[in-house]
There are 2 protein chains.
Amino acid sequence: MAKSPNTTRIQQRNRATILEAALDVFSQNGFRGSTVDQIAKAAGLSKPNLLYYYPTKDAIFKAVMSDLLDTWLDPLRAMDHDGEPLVEIQAYVARKLEMSRDFPRESRLFANEIVQGAPRLLETLSTELKELVDEKTVVIERWMDEGKLNRIHSRHLLFSIWALTQHYADFDIQVRTLMGDEDPFDAAPAFLETLYERLLTPLN
Amino acid sequence: MAKSPNTTRIQQRNRATILEAALDVFSQNGFRGSTVDQIAKAAGLSKPNLLYYYPTKDAIFKAVMSDLLDTWLDPLRAMDHDGEPLVEIQAYVARKLEMSRDFPRESRLFANEIVQGAPRLLETLSTELKELVDEKTVVIERWMDEGKLNRIHSRHLLFSIWALTQHYADFDIQVRTLMGDEDPFDAAPAFLETLYERLLTPLN
DNA sequence: CAGTTATTTGACCAAGTGGTCAAACTGACG
DNA sequence: CGTCAGTTTGACCACTTGGTCAAATAACTG
């Protein structure tokens, strides 16, 4: 081993615990609504100990966010330019819906941040996300040019996918309140598949 | 005039100013993220003066919320059981979209609250809203039985309308960041009309 | 084992927070 | 003008919050 391995075993474990706890707390209360004490308690650490690993509340938040962002954009990145258009989009919708089911905290944290004007996220939105979206809308419009998809507004199409899939995570409490026993994620996949098949199939 | 008009002119003016300021502040920062001082400053009043009209931060919030709720449910209430199904639903979508454009703060306040688990709103959701939704889904399903609408999951249909329309208010900053100069509300009405026409038109 | 570094903590602080209160001010009305 | 309910405020308080620090403890290294 070299002189000083700048991350030890304990550090790795604690950092992971902290990020997990912070995701929990932040996604439930937003940034301002969360306290360092809450996160410390959720992580099973004392407050000074937590601040030994991340020096400020802001640093914790940034760490959670950057951890999250890549995962979040993956489904869109995975849309294959050379695939069958309808299949690719349906697969994207399905993946996004699965993420809402399996990672609702991440979705809510995102939503929380954007609803409040994305003060800590605007930079990323206007560079990384914009670039990705610009790239993918070009592809989608090519598909429409080739007559493989019904011609609609490509950006609004993406917005609709985000809105419809993330709604099940972000508004979970409302959705479940109104659906009673029935699990929203039972019928949602079929519903969205029907919706996008009808929306995107060319009439010719 | 009677002995004591229990609301004076000054009271009416100040209460209105406060609710307006509170809506602004709450919708931007959520409940926990907002401070009484912020609201007081936004309303142009001293903090004790503000607390003279609403005794606690919680009371201000509740007042804003109950003011908001009726307005918020109106579009759905207005859906006419005896109208032409497709027309009624399209009109509902259009009204909801207009509300997102004209009252984005209200939409965001709502979103903020629900994303965080609706601690101050669950009661209303599970009674007033549930009742209204139950009533309207019955109507929608009757329309489907009559062959006037494509048969789909009626609750998910409502969720989709909320998700798609409110997205433009709640995620405004993201939508605008990605659309550049173009006003999202230019193309959104046509986009949603196409979407719901295709989704809801019976096949045969 | 001793020495060194990494980790953990109790005690503390300054700023911000929701809320109180007595005193001052305002305005309508006889 | 006097008066009295209605309105406004500066000063204040208890509590929470993000963050610091010196000292204690645990872990690793030779």
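A, B, ... follow the sequence lines: proteins, then strands. Residue 1 opens every chain.
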Numerically ordered, the residues 115-122 of chain A set in heavy-atom contact under 4.0 Å with DNA chain D is none
Within the 6.0 Å centroid threshold, strictly below: Y168(B) and H156(A): yes
Could you tell me whether the phosphate oxygens of dT17(C), OP1 or OP2, come under 4.0 Å of any side-chain nitrogen or oxygen in R32(A)? yes
Any N/O pairs under 3.5 Å between the protein and nucleotides 10-12 of chain C? List them or say none.
none

Where S100(B) and S107(B) come nearest, the two heavy atoms and their spacing: OG-OG, 4.5 Å
Neighbours of DNA chain D within residues 33-41 of chain A, by heavy-atom distance under 4.0 Å: S34(A), T35(A), V36(A)
Nearest heavy-atom approach of D80(A) to W143(A) is O-CZ2, 3.5 Å
Please list, chain by chain and in numerical order, all residues satisfying side-chain hydrogen bond (donor to acceptor under 3.5 Å, both in side chains) with E98(A), sequence neighbours excluded. none
Without decimals, in angstroms, what is the distance between N49(A) CG and dG18(D) C1'? 16 Å
What I want to find out is whether D134(B) reaches R155(B) closely enough, with some N-O distance under 4.0 Å, to be called a salt bridge. yes
Output yes when E141(A) and K136(A) qualify as a salt bridge under the 4.0 Å nitrogen-oxygen rule, no when they do not. no
Dump the pairs, protein N or O against N or O of nucleotides 22-30 of chain C, anything under 3.5 Å, distances to one decimal.
none

Hey, mind stepping through E113(B) and R108(B) against salt bridge (charged side-chain N to carboxylate O under 4.0 Å, His left out) and telling me if it holds? CA-CA 8 Å; E113(B) 194 57 13; R108(B) 280 195 282 266; over 6 Å; no
Identify, residue by residue, the members of residues 51-66 of chain A with a heavy atom below 4.0 Å from DNA chain D, and return them in order of residue number, or none. L51(A), T56(A), K57(A)
Could you tell me whether the phosphate oxygens of dG6(D), OP1 or OP2, come under 4.0 Å of any side-chain nitrogen or oxygen in N14(B)? no
Do you know which of L109(A), V64(A), L68(A), N112(A) makes side-chain contact (heavy atoms from CB on, under 4.5 Å) with S27(A)? L109(A)
Could you go through the salt bridge (charged side-chain N to carboxylate O under 4.0 Å, His left out) check for K47(B) and D37(B) one step at a time? CA-CA 6 Å; K47(B) 181 167 64 166; D37(B) 288 278; 3.7 Å; yes
Round to a whole Å and report the spacing from CG of N29(A) to P of dT17(D). 11 Å
Is there a donor in the side chain of H81(B) and an acceptor in the side chain of E135(B), or the other way round, less than 3.5 Å apart? yes
Taking all atoms of both residues into account, what is the closest heavy-atom pair of S34(A) and V25(A), and its distance? OG-O, 3.3 Å
E146(B) atom CD, over 12 foreign heavy atoms within 6.0 Å: yes
With a 6.0 Å cut-off (strictly less than), is the heavy-atom count around CD of E131(A), excluding the residue itself, greater than 12? no
Any side-chain N or O of Q11(A) less than 4.0 Å from the OP1 or OP2 oxygen of dT7(C)? yes
Check this for me: does any side-chain nitrogen of one of D74(B) and R77(B) sit under 4.0 Å from a carboxylate oxygen of the other? yes
Are there more than 12 heavy atoms of other residues, nucleotides or ligands under 6.0 Å from atom NZ of K130(A)? yes
